[in-house]
Structures are given as C-alpha cells and as structure tokens.
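Everything below concerns the one structure shown next.
Position 1 is the first residue of the sequence, and the numbers go up from there.
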Amino acid sequence: MPDAPDRAAAPTRGARAEPPGGSAAKDPAGSSAGAPDCLGRALADARSPRVPALSPYVPERPFPWSGPGLPLTDRGRRRTDAAAASRGPRRRAAAGARTDSGHRLATTGTSTLGAAPIRHDAPLDLARLLRLSLAAPAGTSGRLRPVPSAGALHPVRAHLLVGPGCSLPPGRYAYDPHTHRAHPRGPAPDGVPAGALAVLTVAASRTVAHYGHRAWPLLLLDAGHAAAALAQAGPPTADVLVCLDADGALLSAAAGLRRAPARHSEWQAAELEPPLAAVWFTPSGGSVRTIDPLSAWATRARASAPVRAPGPPIAQPRELSRTKRLLSLLAQAPARPAGTWHPASRPEGVTGKTLTTRRSAPPDDLRRPPERELLASVLTTARTASPAGPDWTVVTGGAAPALYTASPGRPGLLLHAHGDARPTLAHWAARQTWIGTTGAVLLAHGCPDDASPAAVRISHLAAGYAIGLAQTHATALGLRSRPIGSWQQADLGAALGEAPGRDWIVHGLALGAPPAKATTPPATRTATPLTTRTATAPAAPTAAPRATRPTPHSTDPPAPGTTARTTPPGEEERP
C-alpha cells in the first residue's frame, strides 16, 4: 500500500462537535431505511476519480486505560530454549533467564510483574505472536511493521481476550504495538474457553485525514491484513480460526467496548473503534467447534471503561463522522451474529523470519516477471484463504502479457484475456505509473454497485486477509511484492466487455521476481488492448474518464505525457 509521511495535527477547520460515534451515537447506523442508499453513494464516491480533499486530523488517544501496562517479551523463552539446547536441562534450570524488565524467570518459566505472572513456557506465547504480527520494531517510528497498512498509518487495534493456557494471565487487555505492552482492562470470568481471542478494531482519524472519502475501504483492507498477520503468527501448537463477519455489537460486547456511549464524558479520552474481525487461538485438539467464544465473553463480566477526561466535546470533522457511521453500518451482521469461523492456513515455507522481514518492495524491484508456477501458487493461496471472498485474476507482463485465472480442478493458470492490462491498472490505481512496468499483479475483484452491507464488508475484509497471506507466501517463495489498496474507476468486468458495475477491483498485490545481479533497462512496451476469447475491448481515449462509473469505452490510460500526474512511486495522488 502507498507510503505517506506522518500528518501533523491540523486545526479542526470545518469540524463540528459530535459524539465520538458521529450521528451513529444518536441514531445507530443501519437503523434507518436509507442506510443501503448511503452505502451505495459512499461506494460510488470511493471509486470515483474525485481527489480527496485535505481533512483535519483529530489526534488519537489510543490507550486511555490506567496503568503502564505489562511489558511483553519472548526473549526469556528463547533464551531458556537456547540454554536447553546448548547446556542441557540441569544448567538451564540453574541459570534461568531475565526478561527485558529485569525480572528473573523461575525454573518453571514464570516471571512476575507486580501481581500478574507472565508465563514464558505457556502453550500460547502471546509475546511472540504479537511480535511476529502487529508489533512496531523497537527503536523505530512504528511505520514499518510486519503487517502492511495503507500509507503506513496502521489504524488497526487489537483487544486481547485471554483465557487459560496463555503467557498472560486470564483477562481483557488492550495491546500497544509501539511499546509492545498489554494494558489490563479487567479480569476474565470463570468458564471462558482456553486460548486467546483477538478482536480487531479500527481508529479512523489518521486514515481519514490522509485519504478522505477513500479511507473506509482502506480501513477494511487494513483490518483484513491484520487478521492475516495474526493468523500466520500462531504457533504450531495452537489451532487458529478467523471470523470476518461477526456482528459488531457482539464483538464490542466481547471486547468490553461500548458501541454507542451513553454519556460522552465517559469516552472523551478514547476514540470510538468499530470492531470488524476476530482471530481465535486455541490449544490443538480442543473441541472448538462446539463453543461460541464471542458469546462466552460477551455474556460475562464487563471490561474496565476508559479513563474519564474532563473538557469540552472533541470536534469531529464531517468526513471522519461519516466514515465512522459507515463502518458501524458495515459492522452489523443480523443474519449470523456469532459469525462464521474458518480455519486459517499457513502457506508452506513461511517462518518467523518470513513474517518479520516481509516488506513492501520498492517499485523498481518489481519489474521482472515471476515464473508462472510461482504465480499459480500465490494465486491458489489467495483463492483458498477465505471461503466467502472475492474473485481472483493475475495480470502478467513479459513477452506475452495476459490475464489469467485459476484453472478449476487442477494446478496452473487459465488464460482469460490477451493484452497488456498493466498501464490500465496504473491509471486506475491513483495513476501510480510504476504499476505499468511491474512483473505481475494479483487482483481481488467483485463487490457490485448494489452489494449489501454484509457483502461489501466481507469483500474487503476477505481481500485484505487473502492478500496478506499471498504476500507472505510470495516472500517465502523469494518474490518481491507490494500491496495496492486504492482503486478508482477500476471496473474490470466492463473493461472485458461484461456488464458494467458488477465486477470492481477491490485490492491488488504487485509481484516481481528478485532483481538480477546485472540488470539492464527494460524495453518500452506499447500497451495493447485487452481481448477475451469472444470479444475485443474497445479502443481507449487519450484522456482520463470523468464519469464515476467507467464504461467499456474508457478502460485504457491516457497516453504517456498527457494527463498522467507525476507523483512519487507508491504515493496516493494528493490535491
């Protein structure tokens, strides 16, 4: 996803004083009959060529719970494991180890922080899990993490619901990725299942300040990426289940978060966080299929509320309030409140080192086309990641550029269309011209104009989740990659002669083979029109289309040097 520099807090010009949930706090989103129309307009606006206006940034107050939090570290466990291998069990028991905070580990693998013991020999080591997935590397600004994010803004927050068998004592926690600490938010009642639940929420203010009306799809994609990062970091001794469609009210109740505050003064120190997904880690071999973990946590003791902060109401910019209201609508799932849990798969060859070293490659490192067998393997990983996700297509360059889909019933790629689609993709992806020369692009597409809120939510969350798995798999295979989250007028179906408005690009992943040791400048290729087996796409105009929804006659990009803007590689175009 595009990187962007940090945005400093801006005066809230044009803002208005509203509860943290915007108008949703007064009238929860989705309760009115006009909610689907509101979603349709927001979907069309996010896909339109309208450039986001500058929006004031409301400073976040991410961790308003009292106390410094428990410092997480898995160094104690790694040291004792190393001692066992090199010195033997007797010397390991005698030597022990120390954590970063200076507490000595007992021979049982337990350290004590205040009154809360942290077990480094527990079946589920949450310190390691979070370090491999969401934690910001020590000594950095926190922008480059194991999990990618649009603009490197990282809006996803994890609330941990910890049961027996974990390195943290049972209870509710808020995780701080900057300090790698768990903030206690209340005890766990008796009867909660073993293992841990991570409920993922999003804090929208930073993303809205940068991306404006295009922010809410990116927030959904980011939540999917975070779910994938957590799922892949799970230890082999645990079963991992992922849920992308649970009802937001149930997720909030389980995590101890209020969906709509009754009194604004109780929540001034916190930002309303719409919950979107959950990841469940349980001991291997447990009877998890018969347990509803969210209901188990939601029907028992509440978590602690955020610390009150006196003062006037926080002014909410209109775009931020609209985004929160829309996310609250998408979080509702009246058909299946408890959600659908499906097992998470870990691509072959993925290790802890793969997870921590995965990074978005510079555009210049993505020019060489990957081998077809590797592309087919990455495509399979994306297709099988979620049972209810979008459709998938691979766009390739090279000597014979084309579009491929998965071959049903057998490995490999199935030819779908001839022609070089990469310049068109570059135009659709906020005119990021480097995409026109990348080796290949994996595309998630679907989500028609009239999609229901549940379909919009699952399309984006599942796309982010699958691209997260695909990028890790590509890294394990030695490929370079870079997620592409922002798409405008990207009607793939219309470009291929199908009905417009039915098959939109939701997410993408640029892929390239590792650069050769001695490289030469790539030859310039003239874009050729896409042709399916039954029809040829119409010729393209030389200017960017102005309509909100593209037609088959406006699929190719403008000619080089005409209307394309020169923005830094990988950056969202700005006004």
Side-chain angles (χ1 to χ4, degrees), residues 1-4 39 42-43 45-47 52 133-134 145-158 200-204 206-208 210-232 242-245 273-279 323-324 326-327 330-331 358 360 381-382 385-386 388-392 425 428-430 432 435 441-447 451 453-472 481-488 490 492 504-510 570-572:
M1 296 179 186
D3 292 337
L39 175 61
L43 197 59
D45 197 22
R47 292 167 170 172
S133 56
L134 304 182
R145 306 184 193 178
V147 58
S149 171
L153 299 175
H154 298 286
V156 181
R157 298 176 182 172
L200 301 179
T201 65
V202 289
R206 285 176 58 85
T207 306
V208 171
H210 187 79
Y211 292 101
H213 64 282
R214 299 177 183 172
W216 67 268
L218 298 175
L219 291 165
L220 293 171
L221 296 177
D222 274 10
H225 274 276
L230 283 167
Q232 294 174 99
V242 179
C243 180
L244 304 177
D245 60 352
E273 305 172 34
L276 296 172
V279 185
T323 299
K324 291 180 179 179
L326 190 62
L327 291 173
L330 295 173
R358 174 188 56 175
S360 295
T381 296
S386 175
D391 294 325
W392 295 91
L425 299 180
W428 283 344
Q432 299 181 65
I435 299 175
V441 184
L442 176 66
L443 298 176
H445 51 94
C447 196
V456 172
R457 174 187 176 186
I458 196 65
S459 294
H460 288 79
L461 287 175
Y465 176 77
I467 290 290
L469 293 181
Q471 185 184 22
T472 307
S481 61
R482 186 180 184 90
I484 309 168
S486 187
W487 296 90
Q488 290 80 52
L492 184 63
W504 294 85
I505 296 177
V506 176
H507 201 8
L509 180 68
E571 284 206 10
E572 175 79 29

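Considering only residues two or more places apart in sequence or on other chains, His213 meets the side chain to side chain donor-acceptor pair (under 3.5 Å) condition with Arg50. Every residue meeting the side chain to side chain contact (heavy atoms under 4.5 Å, CB included) condition with Ala382, not counting sequence neighbours, appears here in chain and number order: Trp392, Leu442, Ala466, Ala470. Checked against side chain to side chain donor-acceptor pair (under 3.5 Å), Thr472 has the following partners two or more places apart in sequence or in another chain: Gln232, Arg358. The side chain to side chain contact (heavy atoms under 4.5 Å, CB included) check on Cys447 picks up Leu43, Arg47, Ala451, Val456, Ser459, His460, Val506, with sequence neighbours excluded. Listed by chain and residue number, nothing satisfies the side chain to side chain donor-acceptor pair (under 3.5 Å) test with Thr323 (two or more places apart in sequence, or in another chain). Applying the side chain to side chain donor-acceptor pair (under 3.5 Å) criterion to Thr207, with sequence neighbours excluded, gives no partner residue.
Side-chain atoms of Leu327 and Leu219, non-hydrogen and from C-beta on, do get closer than 4.5 Å to each other. Proximity of Pro483 to Pro148: side-chain heavy atoms (C-beta onward) are separated by under 4.5 Å at one or more points. Using a 4.5 Å cut-off on side-chain heavy atoms (C-beta onward), Ser360 and Ser481 make no contact. Using a 4.5 Å heavy-atom threshold, the side chains of Ile484 and Trp428 count as separate. Within the 4.5 Å cutoff, the side chain of Leu153 has heavy atoms near those of the His210 side chain. Here the side chains of Trp216 and Leu330 are in contact, with some heavy-atom distance below 4.5 Å. Counting only heavy atoms from C-beta outward, the side chains of Pro274 and Val202 approach each other to under 4.5 Å.
Using modelled atom types, one side-chain atom of Ser149 and one backbone atom of His154 make a donor-acceptor pair closer than 3.5 Å. In this structure, Asp222 contributes its side chain and Val156 its backbone to no donor-acceptor pair below 3.5 Å. For Gln432 (side chain) and Ala429 (main-chain N/O), a donor-acceptor pair under 3.5 Å exists by modelled atom type. Of the possible polar contacts, none joining the Tyr465 side chain to the Leu221 backbone as a donor-acceptor pair under 3.5 Å is found. Checking side-chain atoms of Arg214 against main-chain N and O of Ser486 turns up no donor-acceptor pair under 3.5 Å.
Between the side chains of His225 and His507, at least one donor N or O lies within less than 3.5 Å of an accepting N or O.
Atom CG of Leu425 is separated from atom CD1 of Ile435 by 7.0 Å, given to the nearest 0.5 angstrom. Within the model, atoms CG of Leu244 and CD1 of Ile458 stand 4.5 Å from one another, a figure rounded to the nearest 0.5 Å. Rounding to the nearest 0.5 Å places CG of Leu509 at 11.0 Å from CZ of Arg482. For the atom pair Gln488 CD and Trp504 CH2, the distance stands at 10.5 Å (nearest 0.5 Å).
In terms of heavy atoms, Ala226 sits closest to Leu134 at CB-CD2, 4.1 Å. Counting all heavy atoms, side chain and backbone alike, Leu276 lies closest to Ala331 at CD2-CB, 4.4 Å. Taking all atoms of both residues into account, the shortest heavy-atom contact from Leu461 to Leu220 is CD2-O, 3.2 Å.
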